Every structure is written in C-alpha cells, then in structure tokens.
2 protein chains.
Amino acid sequence: MARADEAQPASAALKSRPRGSYAKSAVTRSAILDAALEVFAEGGFRSGSLREVAMRVGMSDAGLLHHFSSKSKLLAAVLDRRDELGQQFVPLEPDDGAEVLRGLIALARFNASEPGVVELYSTLSAEATSPDHPAHEYFVGRYQMVRARVGAAFVDLEDRGLLRPHVSPAFATRATIAMMDGLQVQWLLDRSSVDMQADLRTFLDGLTTVEL
Amino acid sequence: MARADEAQPASAALKSRPRGSYAKSAVTRSAILDAALEVFAEGGFRSGSLREVAMRVGMSDAGLLHHFSSKSKLLAAVLDRRDELGQQFVPLEPDDGAEVLRGLIALARFNASEPGVVELYSTLSAEATSPDHPAHEYFVGRYQMVRARVGAAFVDLEDRGLLRPHVSPAFATRATIAMMDGLQVQWLLDRSSVDMQADLRTFLDGLTTVEL
DNA sequence: GTCTATACATCGATAGAC
DNA sequence: GTCTATCGATGTATAGAC
C-alpha cells in the first residue's frame with residue numbers, strides 16, 4: 001500500500017537509495033494517511049485534529065507536520081489516494097454506457113466494505129459546500145467529472161434505445177448520483193437496513209432496459 | 001416567530017408581566033436562533049462557534065449563554081424550531097398516500113427558497129453520523145419518523161394498485177428519501193443546474209401512477 | 001526523521017460587576 | 001439582561017535539539 005510519492009519507482013529505489021531512509025518515510029506517510037482518513041471521516045475535516053491523527057500513528061503533531069506541511073495538504077493527500085482506488089471501478093473509455101452503470105454498482109458494493117471512506121466523503125461533501133472550505137474546489141470538480149462520465153453513459157444508452165420511456169439522460173444522471181449519495185447517508189445511520197448495491201441496481205433497472 | 005419558551009402562554013403573559021422584560025427575551029432568543037442557523041449551516045455544529053453567533057446578533061458570547069445555557073442546547077433549539085415549520089408540509093394523518101408525496105414535493109419547493117436550512121440539514125446529518133454527536137439521536141429518530149410516514153404512504157398506494165410494476169413500498173421509501181437527500185447536496189454545490197422539485201416529481205412519476 | 005518546547009489563536013463555559 | 005474578565009482545553013504551526 002506504500003506509495004512512491006518521492007518520485008522514484010519503488011522497486012528500483014529500494015536497491016539504490018542509501019539505507020532506506022526514503023522507504024521509511026513512505027511507510028510513515030502511508031500510515032499517516034490511513035489514520036487521517038479515519039479521523040476526518042469521524043468528525044469531518046474541521047473538527048478532526050492533527051493531534052488526534054498523530055496520536056493514532058504514534059508520533060507527535062510536530063513530527064506529523066514534517067511529512068505534510070499543513071492540515072489542508074494532509075486532507076488533499078487523503079483524497080488523492082482514495083480517488084486512485086475508487087476510480088478504477090468506472091471505466092474511463094467504456095465501450096458502451098452499460099459498463100459505466102455496472103461500474104457504479106460495483107463501486108457501491110466496494111464502498112459497503114469500507115465505511116470509513118463513505119463517512120469521509122459524505123461528511124466532507126456536505127462540509128465542503130462552503131466556498132472557503134479547503135476541499136471545496138476538489139468536490140466541485142469531482143461532481144463535474146462524475147456528472148460528465150455518467151451523463152455520457154446515459155446518452156449512449158439513449159442513442160441505442162435502451163432508456164425506458166420518458167427518461168432523459170440529464171435527469172437520469174442527476175438522479176443516479178443523488179441516489180448514490182442519499183443511500184450512503186441512510187446506510188451510515190443504519191447499516192443493517194440498507195443495501196446500497198441492491199437498491200442502486202433496482203433503481204437503475206427502472207431507468208434502463210439493459211442487463212445489469 | 002417568537003416562541004413561548006419561558007413556559008407562559010404568550011398572549012396572557014403580555015398583559016401581566018412587568019415591563020415586558022420577557023418579551024424582549026423572546027425577541028432576542030429568536031434573533032439568536034436565526035443567527036445560529038446560519039452559522040451552523042455554514043460550518044456545521046462543531047466548527048461553528050458561539051462567538052460567531054453572538055457577534056452576528058450583536059452581543060457577547062457570555063450574553064448569549066444567558067439565553068441558551070450551552071452550545072448543544074442552542075443546537076437543539078434551532079432544530080426544534082425548523083421542524084415546526086417543515087413538518088406542516090407532510091400531513092400527519094393523510095386520507096391517501098398521494099397526499100404525502102405531494103407534500104414532499106411541496107417541501108422540496110419550500111426548501112429551495114431557504115438554502116440555509118438545506119445547508120444546515122445536509123451538513124448536520126452527515127456530521128451527526130458519529131454516535132457521540134449531540135444531534136445524533138435527533139437524526140436517528142428523524143429518519144425513523146420520515147421512513148415510517150413515507151413508508152405508510154407507499155403501502156397505501158400499493159394497496160390501491162397505484163404503484164408501477166416491480167416497485168415495492170420498502171424500496172420506494174428508501175429511494176425517495178435518498179433522492180431528496182442526494183438532490184440537496186448537488187443543489188448546494190450548483191444551485192442553478194438542479195431543480196429539486198422538478199426532479200423529485202419526475203422520480204415519483206416513475207414509481208407511481210398517481211397524479212402529482 | 002522525530003522529538004520537546006513554545007508561540008499564539010480560538011474555543012466553551014464560569015464568576016461576578018453593573 | 002448584558003457585560004468584562006478569566007479559566008482551562010484544544011487547535012495549528014514554528015524553532016531548534018537530538
């Protein structure tokens with residue numbers, strides 16, 4: 001899970017670098033990011049403290065700030081790393097729109113196995129509504145990207161006559177994203193009574209005629 | 001909009017109480033609640049400060065605490081007051097389920113005119129996911145109540161054969177609530193491109209055959 | 001790379017004067 | 001009913017020893 005943030009390929013670097021000081025740093029950074037995700041997920045960015053993150057990873061807050069120079073930088077790093085993992089579910093250049101929808105369902109299943117990540121995004125996306133929030137731009141851009149990708153998928157399905165009557169691509173896009181976000185909130189408040197994956201599939205079944 | 005929180009009927013008290021000191025208090029409390037709603041909406045409960053609330057209403061933080069003995073009490077008062085306003089849209093004992101759905105649409109339109117309230121609930125419901133949040137119990141109970149009311153409406157419609165094929169009342173309930181919550185987040189991030197009322201109506205049209 | 005020590009702001013809340 | 005003054009806790013961030 002360690003990342004090669006120091007801009008050297010992990011495999012090659014392990015041999016050539018002196019006494020593995022960079023390797024240690026990378027491991028530490030990764031541990032910090034894990035802890036930070038937990039802390040920001042539990043209380044949001046504003047109420048989560050650097051001290052709490054540092055404590056969980058077993059160092060002082062000053063030590064933590066050696067790796068991430070500010071709290072906002074730390075948040076950005078957490079979001080970046082989760083995006084790498086999450087984006088692999090939705091294909092960037094799908095052969096047909098149905099693949100994207102299947103990717104969303106797979107993403108919902110994956111999310112159900114990582115409550116911390118869901119908590120992070122639900123809390124932050126609400127918190128980051130304020131324009132002065134350090135993650136505001138990130139979330140605005142993220143929604144644009146998601147809307148573009150899902151939108152293209154529904155347009156493709158419409159072209160091929162696979163949307164049910166009276167379903168427009170634009171509405172289907174907004175509604176699908178809203179459904180995923182809304183199900184997450186309910187799931188967080190009562191995990192046992194909400195199956196995000198199943199409900200999303202049922203919902204998409206009502207919009208299209210493709211096999212999911 | 002003043003509330004009779006001092007446990008005296010407002011009308012009777014106005015005559016008998018000496019020199020209207022209580023009336024002043026009620027006005028002040030109301031002003032505080034307005035400011036608190038704004039502050040909590042912008043940054044959530046944890047990052048919104050009593051000082052900020054006090055500043056907006058033009059007094060010191062100590063002065064504010066004379067009216068609301070703690071920050072949590074203030075939050076509870078804010079939520080109570082908004083509930084009084086919001087709950088009037090969804091009938092408590094509807095003649096038929098369609099009335100409830102029409103109430104939800106009316107509520108969505110009303111919400112679109114009060115961004116602060118939407119921001120408050122979106123931010124808080126995510127923040128209050130944590131069990132130790134002072135509003136956690138409130139939101140758990142609120143979702144139970146909403147689910148019960150909306151659920152009863154869809155059961156009624158099913159009994160009368162007004163649900164579309166393959167739509168179960170339980171799914172329709174979860175999905176409708178998710179749709180409302182999810183649309184709010186998108187609307188907050190980009191108000192001009194989302195019409196909560198229209199999208200909700202379109203969505204409900206896909207679930208039932210009643211005239212909305 | 002991590003620590004201690006420290007600076008400095010802001011928070012919720014209390015005590016007591018007016 | 002509102003104020004000033006103050007407390008103790010907690011927050012981010014910096015400087016410099018090790």
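Bear in mind that the values here come from a model prediction, so they are computed numbers and not experimental data. Values reported hereafter were calculated over all heavy atoms of this structure, with side chains retained and with hydrogens, waters and symmetry mates removed. Numbers restart at 1 for each chain; the letters A, B, ... are given by sequence-line order, proteins then strands.
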Quick one: are [X] and [Y] in side-chain contact, heavy atoms under 4.5 Å?
X: B/L124; Y: B/L79; answer: yes
X: A/R201; Y: A/Q197; answer: yes
X: A/L64; Y: A/L74; answer: yes
X: A/T176; Y: A/F154; answer: yes

To the nearest angstrom, how far is [X] atom [atom1] from [N] atom [atom2]?
X: B/L64; N: C/dA13; atom1: CG; atom2: P; value: 11 Å
X: B/K71; N: C/dT14; atom1: NZ; atom2: P; value: 15 Å
X: A/D61; N: C/dT4; atom1: CG; atom2: C1'; value: 11 Å
X: A/F68; N: C/dT2; atom1: CZ; atom2: P; value: 11 Å
X: B/E52; N: C/dC11; atom1: CD; atom2: P; value: 8 Å
X: A/L50; N: D/dT10; atom1: CG; atom2: C1'; value: 12 Å

Show your reasoning for whether side-chain hydrogen bond (donor to acceptor under 3.5 Å, both in side chains) applies to A/S192 and A/D190. CA-CA 6 Å; A/S192 61; A/D190 186 2; 3.3 Å; yes
Atom of [X], atom of [Y] and distance for their closest heavy-atom approach:
X: B/G86; Y: B/L107; answer: O-CD1, 4.0 Å
X: A/L183; Y: B/A178; answer: N-CB, 3.6 Å
X: A/H136; Y: A/A128; answer: ND1-O, 2.6 Å

Less than 6.0 angstrom from the centroid, inside 45 degrees of the normal: does B/R82 satisfy that with respect to the ring of B/Y121? no
Among residues 38-49 of chain A, which residues get a heavy atom nearer than 4.0 Å to DNA chain D? A/G48, A/S49
Go through A/M59 and A/I32 one step at a time and tell me if the side chain to side chain contact (heavy atoms under 4.5 Å, CB included) criterion holds. CA-CA 10 Å; A/M59 34 181 242; A/I32 292 173; 3.7 Å; yes
May I ask you to say what A/L65 touches in the nucleic acid, namely base, sugar-phosphate or nothing, with a heavy-atom cut-off under 4.0 Å? base
Whichever of B/S69 and B/R51 has the more 5' nearest nucleotide on DNA chain C, that residue is B/R51
Is there a side-chain contact between B/H66 and the phosphate of D/dG1, meaning an N or O under 4.0 Å from OP1 or OP2? yes
Taking 4.0 Å as the cut-off, does a side-chain nitrogen or oxygen of A/T28 come that near to OP1 or OP2 on C/dT2?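 Yes, A/T28 has a side-chain N/O under 4.0 Å of OP1/OP2 on C/dT2.
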Apply salt bridge (charged side-chain N to carboxylate O under 4.0 Å, His left out) to the pair B/R81 and B/D34, showing each step before the final yes or no. CA-CA 10 Å; B/R81 192 171 68 156; B/D34 286 338; 2.5 Å; yes
Residue-level proximity of residues 53-60 of chain A to DNA chain C when a heavy atom falls under 4.0 Å: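 Output list: A/G58, A/M59, A/S60.
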Nearest-0.5 Å distance, OG of residue A/S47 to CD of residue A/E42: 9.5 Å
Quick one: which of D/dA13, C/dT14, C/dG1 gets closest to the side chain of A/S25? C/dG1
Measure from the side chain of A/H67, starting at C-beta and using heavy atoms only, and say which of D/dA13, C/dG1, D/dC3 lies closest. C/dG1
To 10°, what angle do the rotation axes through the five end pairs on each side of the helix from C/dG1-D/dC18 to C/dC18-D/dG1 form?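 Terminal axis comparison yields 0°.
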